[in-house]
Chemist: 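Okay, here's the structure, questions in a sec.
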Amino acid sequence: MPQFINELNDAQKEAVLSLNGPNMILAGAGSGKTKVLTYRIAHLLHNGIAAFNILSLTFTNKAAKEMRERIEKIVGLEARSLWMGTFHSVFSRILRTESDKIGFPYNFTIYDTSDAKNLIKSIIKELKLDDKIYKPNIVYGRISAAKNNLISANSYNADSAIMNEDKIMTKPEIGRIYTIYSKRCLKASAMDFDDLLFLTYKLLKLFPDTLLKYQNLFKYILVDEYQDTNYAQYVIVKMLAQKNKNICVVGDDAQSIYSFRGANIENILNFKKDYKFADTFKLEQNYRSTKTIVNAANAIIANNENQFKKNVWTDNPEGNKIKIIKTKTDNEEGKVIANAIYDMKLQMQESFKSFAILYRTNAQSRVMEESLRKMNIPYRIYGGLSFYQRKEIKDLLSYFRMIVNPSDEEALKRIINYPARGIGKVTIDKLILSANRHDKSIWDIVSDIEHYETGISNGPRKKIQDFSNMILSFGGDLYKKDAFELGEHIASTTGLLKSLYLDKTPEGVSKYENIQELLNGLKQFTASEEKTNTPEKTLDKFMEDVALLTDADKTSEDDMNRVSLMTIHSAKGLEFPNVFVVGMEENLFPSKLSLTSRLELEEERRLFYVAITRAEKSVHLTYAQTRFKYGDITYSEASRFISEIPKEYLEPLSRKTAPHSFGQQNHFSTNQSAIPSGQKLVSLKKAAQTMPKASSYSGEKIKEGANIEHLRFGIGTVISVEGIGASTKATILFTNHGKKQILLKFAKLKIVG
DNA sequence: GGAGGCCTCGGAAGG
DNA sequence: CGAGGCCTCC
């Protein structure tokens, strides 16, 4: 038995060693789930299973990448032959191989969500439907949900229950839109994200020999975060595993937080029904958090009805109690947290990266940001507009897309008049009309405009020809130039690069930099290749999965020392020594929209469970009595979730410590459960506001031998000063606190005596 | 085609 | 309140 097995506890060991048959691993938060998955795969390889016979599915690229790296550390390069990736990336790989069977070319485009919504919007317009009623978002949501439930456009229109639902929603034409949308995607040789699942299902369903081929290929299947699978994913996995039944799913029903995008918690709850002889393993020992955190989390989740019985426990120390902080306003909440981070950093010698601020909605990040910025606390916000969604990036990528697949309608619409070349809205509408009439793609018309009666006059027609010729000429270079050469050629000949270069506004500069970054990506992609007459790292290869990439996949892992700000959803799978969960208020968390149903409230509670189980050492829960929402002040009460934590895990209500000479005082006004004490917090607010600016220190005065006063540690003498600039540190001997090392950048030292 | 004004709308988010 | 979409005007 390989050495690595000995690093595992008994439950983990069993889960790793049981290789055959259906297995379900229920992994509590922080129980070493990834470790088990990686060792299990390593163990399969050790047992002579070929890497290419193992399929491992995850939800994020990041998870797949991490796992592959970890396996590579154990087994070496063999790990590269594993089928390991997200559902979408693995399925797109299969679809590119088998595309002809379902009527697509191998070089199909993958539409991202905004492409899909644009197409829907344009169809709604073409059908002359009221876009106030047929909101693209809603229509997209219906179509997406249909596909995730494996309902084709035909079945949709034939399903009286669905049609009736749409009628009741006063949107009886959604089925028609769905039909046209599917047709247009096919014409454009494009699949949206949901198609990657739906069409994989269709492929395996319609072609039994293809199904058999992949059943034989994927002798062992592993699925991570199984509680997040939707119906389509569930069915496809089931089909693939049908023959060998060597399927291992890993998940935690308590962390199912994605039902709003179709995840079905029943998939994990019913695993034993689907696979009768399944072995179940429970990983219940938590290695991440303190006893206090683990026990509090258990107590919270116990309020849910739908769940597996699990007993998550830990050998870790008791740890600090959970602190509840109440503030008057959301602004104050931000200030108090910034102060608390500042203090904890000093007191506990923590680095900034050990802190995370988690919130329910992205809108809450702004207040936090402001406070952190005022205190010069470095932070990083996760989420928001991704690199690949930026306008300038999408524009250039649209050129790339058209070169790989000229039928790509959304790419064409984006760039046919960008940079401006005199092909206006009216002309484009005529093109679309003509394409629809002739049942062709827009590119079919554009590339052969002479042969169609479009009603477009000579001027614009000439310009369309020029555009078409340009695309064709780029296309001619596709296999002659490598991806970087062609990409750069396009960026410069179209004038895209130049116009951004000339734009010296901050936005323009940033756009130019982004384009450069994309080109750098192309360069990296081609870097491995030697110069030959027939390059292999061509643009079409680069484009294959670019639509499946997200920011998290971009290289240059930011190891900077910053506080992390993100939604609780995006914190799933991560861990931080110290966690602040902010906005613990009724109608915010739990969200107002969840209060109507028990199931939704339970999902909010799981979300809270996820939030506090991110923490290793400390948890702070904060709430504000008033908060700005949509420009109005709203009043809120403490979240019901706070009162679900047994008091023994909460910091007892304590009187504040006497104000310090700087006017600083203990921020942690504790407040048990739902009933606010009405304690006056004015002084606290003042304290936050009168905090000296972190940057206000003048470094020159802090010299060896200087007597100083520190905000928290009081009087002391500087023993030595090391480092330069922002990293200048002083070693100071405090009268009452002994020797401490302090970063001058953040310390507020006052020279005394 | 682009700038600027008006209107609307507001949950979380992977691929 | 503020972002984004849409319309209007130049």
Side-chain angles (χ1 to χ4, degrees), chain A residues 57-64 85-93 95 110-118 121 125 131-132 135-138 141 144 147-148 191-198 200 224-225 228-230 232-233 256-263 330 358-367 382-386 388-389 391 417-428 499 503 505 545-553 566-573 583 587-595 600 603-604 606-608 610-611 627-634:
Chain A
L57 295 168
T58 61
F59 275 84
T60 64
N61 292 307
K62 195 166 162 242
T86 62
F87 282 89
H88 292 84
S89 71
V90 168
F91 293 172
S92 79
R93 201 171 145 192
L95 286 169
I110 298 173
Y111 277 170
D112 68 18
T113 315
S114 69
D115 295 322
K117 284 179 187 169
N118 280 336
K121 197 188 287 177
K125 219 174 91 191
D131 64 358
K132 295 269 185 313
K135 290 181 186 161
N137 260 325
I138 291 177
S144 170
K147 286 184 193 169
N148 284 324
M191 299 182 189
D192 66 21
F193 288 137
D194 303 311
D195 287 330
L196 295 177
L197 307 182
F198 179 61
T200 299
D224 193 13
E225 306 278 13
D228 288 339
T229 49
N230 64 33
Q233 291 162 328
S256 161
I257 54 175
Y258 282 113
S259 76
F260 68 89
R261 65 176 195 215
D330 48 353
L358 308 182
Y359 34 79
R360 180 66 180 81
T361 67
N362 276 313
Q364 290 165 260
S365 70
R366 185 175 305 174
V367 197
Y382 293 76
L385 194 64
S386 102
Y388 297 97
Q389 287 173 16
K391 184 188 175 303
N417 199 32
Y418 183 82
R421 46 176 76 90
I423 305 174
K425 216 168 87 35
V426 180
T427 308
I428 295 171
S499 70
D503 183 352
T505 62
D545 49 20
V546 87
L548 301 175
L549 297 180
T550 56
D551 275 6
D553 311 319
M566 65 184 87
T567 62
I568 303 168
H569 281 92
S570 45
K572 189 172 165 199
N587 295 327
L588 179 60
F589 191 24
S591 157
K592 190 177 189 174
L593 295 143
S594 71
L595 299 179
E600 283 188 64
E603 178 147 319
E604 294 284 309
R606 291 193 293 271
L607 192 57
F608 185 44
V610 168
R627 180 177 295 281
F628 267 96
K629 227 183 234 175
Y630 305 147
D632 284 323
I633 291 184
T634 55

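In what follows, chains are A, B, ... by sequence order, proteins preceding strands, each numbered from 1. Computation of the quantities below employed the complete heavy-atom set of this structure, encompassing side-chain atoms and omitting hydrogens, waters and symmetry-equivalent molecules. This is a predicted model, so every value here is computed, not measured.
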Chemist: Answer with base, sugar-phosphate or nothing: what part of the nucleic acid does A/Tyr258 contact at a heavy-atom distance below 4.0 Å?
Modeler: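 Contact class for A/Tyr258: sugar-phosphate only.
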Chemist: Using whole Å, what does the distance between atom P of nucleotide B/dC9 and atom OH of A/Tyr630 come to?
Modeler: 12 Å
Chemist: Please pick, from C/dC6, B/dG11, B/dA12, the nucleotide with the shortest atom-to-atom distance to any side-chain atom of A/Phe260.
Modeler: B/dA12
Chemist: How far, in whole Å, is B/dA13 from C/dG4 if one measures between their P atoms?
Modeler: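 The answer is 15 Å between these two P atoms.
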Chemist: Suppose we call two aromatic rings close when their centres sit under 6.0 Å apart. Are A/His569 and A/Phe260 close by that rule?
Modeler: yes
Chemist: Checking contacts here: which listed nucleotide (B/dA13, C/dG5, C/dC1) is nearest the side-chain heavy atoms of A/Arg261?
Modeler: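 Nearest to the side chain of A/Arg261 among the choices is B/dA13.
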Chemist: Is A/Glu600 touching bases, backbone alone, or none of the nucleic acid, heavy atoms closer than 4.0 Å?
Modeler: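 Base contact - A/Glu600 has a heavy atom under 4.0 Å of at least one base atom.
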Chemist: Taking atom C1' of B/dC7 as reference, at what distance in whole Å does atom CG of A/Asp131 sit?
Modeler: 13 Å
Chemist: How close or far is atom P of B/dG14 from atom CG of A/Asn148, stated in whole angstroms?
Modeler: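 Interatomic distance, CG of A/Asn148 to P of B/dG14: 16 Å.
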Chemist: Check the phosphate of B/dA13 against A/Asn362, side-chain N and O only, distance under 4.0 Å to OP1 or OP2. Yes or no?
Modeler: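 It does, given that an N or O in the side chain of A/Asn362 lies less than 4.0 Å from OP1 or OP2 of B/dA13.
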Chemist: Starting at NZ of A/Lys125 and ending at C1' of C/dC7, how long is that distance when rounded to a whole Å?
Modeler: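 It works out to 13 Å between those atoms.
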Chemist: Assess the side chains of A/Asp224 and A/Thr58: does a donor N or O sit below 3.5 Å from an acceptor N or O?
Modeler: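 No, no side-chain donor-acceptor contact under 3.5 Å.
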Chemist: For the pair A/Ser89 (side chain) and A/Thr86 (backbone), establish whether a donor and an acceptor sit closer than 3.5 Å, ignoring hydrogens and angles.
Modeler: yes
Chemist: In whole angstroms, how far is the C1' atom of C/dG2 from the CD atom of A/Gln364?
Modeler: 16 Å
Chemist: When the distance from CG of A/Leu358 to C1' of B/dA12 is rounded to whole Å, what number comes out?
Modeler: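 Rounded to the whole Å, the gap is 13 Å.
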Chemist: When all nucleic acid strands are considered with a 4.0 Å heavy-atom cut-off, which category describes A/Arg421: base, sugar-phosphate, or nothing?
Modeler: nothing
Chemist: Looking at A/Glu604 and B/dG11, is any side-chain donor or acceptor paired with a base atom of the opposite kind under 3.5 Å?
Modeler: yes
Chemist: Below the 4.0 Å mark, does B/dA13 have OP1 or OP2 next to a side-chain nitrogen or oxygen of A/Thr567?
Modeler: yes
Chemist: For C/dG2, does either OP1 or OP2 sit under 4.0 Å from a side-chain N or O belonging to A/Arg366?
Modeler: yes
Chemist: Can you tell me how the ring of A/Phe59 sits relative to the ring of A/Phe87, calling it parallel under 30°, perpendicular over 60° and tilted otherwise?
Modeler: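 It falls in the tilted class, 30° to 60°.
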Chemist: Nearest-nucleotide wise, let me know which of A/Asn230 and A/Leu593 is further upstream toward the 5' end of DNA chain B.
Modeler: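 It is A/Leu593, whose closest nucleotide lies nearer the 5' terminus.
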Chemist: Any base atoms under 4.0 Å from A/Asp112, or only sugar-phosphate, or nothing? Heavy atoms, all strands.
Modeler: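 Result for A/Asp112 = nothing.
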Chemist: Rounded to whole Å, how long is the line connecting atom CG of A/Asn137 with atom C1' of B/dA12?
Modeler: 14 Å
Chemist: Considering only B/dG15, B/dG11, B/dG14, which nucleotide approaches the side chain of A/Ser591 most closely?
Modeler: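 Between B/dG15, B/dG11, B/dG14, the one nearest the side chain of A/Ser591 would be B/dG11.
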Chemist: Could A/Lys117 and A/Tyr111 be counted as a cation-pi pair, given that NZ or CZ must be under 6.0 Å from the ring centre and within 45° of the axis?
Modeler: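 Here A/Lys117 fails the 6.0 Å and 45° test against A/Tyr111.
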Chemist: OP1 or OP2 of B/dG14 sitting under 4.0 Å from any side-chain N/O of A/Tyr382?
Modeler: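 Answer is no, no contact under 4.0 Å.
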Chemist: Taking side chain as C-beta onward, heavy atoms only, is A/Thr567 less than 4.5 Å from A/Tyr382?
Modeler: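 A/Thr567 vs A/Tyr382: side chains apart.
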Chemist: Would you indicate what A/Phe59 reaches in the nucleic acid, counting non-hydrogen atoms under 4.0 angstrom: base, sugar-phosphate, or nothing?
Modeler: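 Contact class for A/Phe59: sugar-phosphate only.
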Chemist: Under 3.5 Å, is there any donor-acceptor pair linking the side chain of A/Thr113 to the base of B/dG15?
Modeler: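 Yes.
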Chemist: Is there a side-chain contact between A/Ile423 and A/Ile428, using heavy atoms and a 4.5 Å cut-off?
Modeler: yes
Chemist: State which of B/dA12, B/dG15, B/dG1 makes the closest approach to the side chain of A/Asn417.
Modeler: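 My answer, after comparing the listed nucleotides, is B/dG1.
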Chemist: Rounded to whole angstrom units, what separation is found between the CZ atom of A/Phe87 and the C1' atom of B/dG15?
Modeler: 11 Å
Chemist: What nucleotide, of B/dG15, B/dA13, B/dG11, holds the atom closest to the side chain of A/Thr361?
Modeler: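 Taking heavy atoms from C-beta onward, the closest nucleotide is B/dG11.
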Chemist: Less than 4.0 angstrom between a side-chain N/O of A/Asn61 and OP1 or OP2 of B/dG15, yes or no?
Modeler: yes
